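Step one of this worksheet: look at the structure below.
Atoms within each ligand, like the ligands themselves, are counted from 1 in listed order. Fair warning: this is a prediction, and the values are worked out from it, not measured in the lab.
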Amino acid sequence: MTSKIFRSTVLVAAVVLLCSLSVVMGVLYTHFTQVQIAQLKDELSLAVTATEQYGNAFLENVEADRFRITWVSADGTVLFDTQADQTSMENHADREEIQTALKTGSGSSVRTSSTLTEQTYYEAQKLKDGTILRISANQKSAWSLMLGMLWPIILIAAIAISLSAFLARRMAQKIVEPLNRLDLEQPLKYEAYEEIYPLLHRIHRQHNQISSQMETLRRKTDEFDQITGSMQEGLVLLDSDGTILSINPAARQLFEASQDCIGKNFLQIDRTSTMREAVNRALDSGHGHTRDKRNGRDYQFDLSRIQSNGSVIGAVVLAFDITEQLRSEQMRREFSANVSHELKTPLQSIIGSAELLENGLVKPEDSLRFIGHIRREAARLFNLVEDILRLSQLDEGIVMPTEAVDMLELASEVKALLEKSAAQKNITISLTGNGFTLTGIRRLLQEAVYNLCDNAIKYNIPGGSVVINVENRRLTVSDTGIGIPPEHHSRIFERFYRVDKSHSRQSGGTGLGLSIVKHAAAYHNAEITLESAPQKGTSVTIAF
Ligand code: ADP
């Protein structure tokens, strides 16, 4: 702005200077020309009077260095000339001033030299004898006068322009200084020019408006970041070209992208063709979805188009981790298949035995054995249904009432329940430890301890032993049974998993006992450890 003011001022000064010089010179030139013409006229009237009186005698004595006097007869013949030999001069009858003087008594004219550098002013007057006396004087033309004064003009112009440049610079700085001091953040703080106060007020108002809008925007952005930051689902916002506008931490982790992926194309952080197709589908038709594995987990990607005023402005990508969902779907499928299989087996066995009895195909002495078989299979079926119900209750996460449970007392109850079946197999069962009390679900704990002890008896050897130890917030059931080979350790807590199916079935096992133990332990935030070696025995500890 300073340089603009400076340039304009200097330009104005230069133009004004040139115009002034031109006008002054023009006026002066006109004035001096008129003075010269007036002088010529005066000199001519004196010369006319003298020539009429003394004729050639006067003209020959005239000192005509400033003027030139020419005496011309009525036919144009030059009778005398103060600066040339009249005999060598051509006839002057065609000269404008001579012609006018002959007609009207006086005449005047101006002629410019061929080089345009000089102008000659002529004044002519008719004498009483009809001859014409003409006086003339040369004067430099305005153009040549200008050329002659070129250097002084240049000098004056240079001085004037330098001066005006100096003044213009100071003036420009003075004008701009208050404007430079203006703080547009606080436009009303400094005093500037009164003329710009309306503008400053408007800036102040707009500034306030922008500040409050920025604040709202910042708040909304913070809210958005907080919401999306705490989301477990991955969220990516794209513009209509697929450029990333926003990406939350979950999505960054999922796509293994850094924060500076914002501004890049989404397909740069996910190059899979399925994703590219889903993005295009979402932008074209409104929705797109795909499922894929990322970092060893399964994800469902839902893409939706975003529109504003009828035009597509982008798309949003939502990524859900469906690993657990798929796993539990798979487990449910396996569980249903297992359940139906496990239910069918004892039922078929019951139906088969009952049919044989019904059709009288069983010898009377064998009928009791068949009836016993039906009762055992029915009891197993009952246990199975019980265990399935218990597990589905646990799966549903039903809240059960808790109470203070004396674990030593609970173990003693279980021991009492199983003592008979232990004795049948010639197995001793003992209870050791100082015991402890915890707050928990009595029925669930009882079931877990029962299942552990039941297994310790079922998979024991005749004459073996079972020890239940309850102390230091740990309950351990150890046996001297057949043990579990190491390759099965990680799987025996799975539903329906059995190391030896026929052994389990013979002993009335359902394959769900340890699953219930696992759930019960998880319910009480307890940890299970298994120690077992084939032919040596098994020890299962629940650490509360
Ligand atoms: P089951 O009803 O068949 O006993 P569980 O879930 O209780 O089902 O146990 C799963 C499997 O683990 C059993 O089939 C058995 O092979 C093995 N098992 C469990 N406890 C013992 C143990 N104390 N000694 C040896 N094997 C065991």
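Between S515 and ligand 1, no N or O atom pair is found at a separation short of 3.5 Å. For G513, a nitrogen or oxygen atom sits less than 3.5 Å from a nitrogen or oxygen atom of ligand 1, counting backbone and side chain alike. Residue N455 has at least one nitrogen or oxygen atom sitting less than 3.5 Å from a nitrogen or oxygen atom of ligand 1, judged on distance alone. Ligand 1 has a nitrogen or oxygen under 3.5 angstrom from a nitrogen or oxygen of V499. For G509, no nitrogen or oxygen atom sits less than 3.5 Å from a nitrogen or oxygen atom of ligand 1, counting backbone and side chain alike.
Taking the side chain as every heavy atom from C-beta outward, L410 and L475 never approach each other to under 4.5 Å.
Residues F266 and F255 place their aromatic rings such that the two centres sit under 6.0 Å apart.
Short contacts between ligand 1 and I492, defined as distances under 4.0 Å to a heavy atom of the residue, involve ligand atoms 10 (C), 12 (O). Contact atoms of ligand 1 toward G483: 25 (C) (distance under 4.0 Å to a heavy atom of the residue).
Taking a 4.0 Å cut-off on heavy atoms, K458 registers as neighbouring ligand 1. No heavy atom of N451 sits closer than 4.0 Å to any atom of ligand 1. The shortest separation from a heavy atom of G511 to ligand 1 is under 4.0 Å, placing the residue in contact.
Using modelled atom types, one finds a donor on one side chain and an acceptor on the other under 3.5 Å when comparing S502 with D500.
Residue-level proximity to ligand 1 for H488 is absent, since no heavy atom of it falls below 4.0 angstrom. For Y497, every heavy-atom contact with ligand 1 shorter than 4.0 Å involves the backbone, none the side chain. Heavy atoms of D479 found under 4.0 angstrom from ligand 1 belong exclusively to the side chain.
With sequence neighbours left out, R294 forms a salt bridge (Lys or Arg N to Asp or Glu O under 4.0 Å) with D270, D292. Scored by the salt bridge (Lys or Arg N to Asp or Glu O under 4.0 Å) test, E494 finds R491 as partners (sequence neighbours excluded).
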Practice task
Evaluate the salt bridge (Lys or Arg N to Asp or Glu O under 4.0 Å) criterion for residues K174 and E177: first the C-alpha distance (whole Å), next the side-chain angles of each, then the deciding distance (0.1 Å), finally the verdict.
Solution key: CA-CA 5 Å; K174 258 193 146 162; E177 200 206 335; over 6 Å; no
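From the protein, the heavy atom lying nearest to atom 26 (N) of ligand 1 is I484 CG1, 3.3 Å. What sits closest to atom 14 (O) of ligand 1 on the protein, heavy atoms only, is R498 CG, 3.0 Å. Here the protein heavy atom with the shortest distance to atom 4 (O) of ligand 1 is Y459 OH, 2.8 Å. Of all protein heavy atoms, the one closest to atom 3 (O) of ligand 1 is S504 OG, 2.5 Å.
More than 12 heavy atoms of other residues, nucleotides or ligands lie within 6.0 Å of CZ in R498, so this atom counts as buried by the packing criterion.
In this structure, F544 and H524 have perpendicular ring planes: the angle between them is above 60°, well past the 30° mark.
Checking T274, L318, L254, V236 one by one against F301, the side-chain contact (heavy atoms from CB on, under 4.5 Å) holds for a single residue, L254. Exactly one of T476, T432, T541 qualifies for a side-chain hydrogen bond (donor to acceptor under 3.5 Å, both in side chains) with N469. That residue is T432.
A salt bridge links R327 with E324; the closest basic N to acidic carboxylate O contact falls under 4.0 Å.
Taking only non-hydrogen atoms, the option from I457, T480, L514 nearest to atom 9 (O) of ligand 1 is L514.
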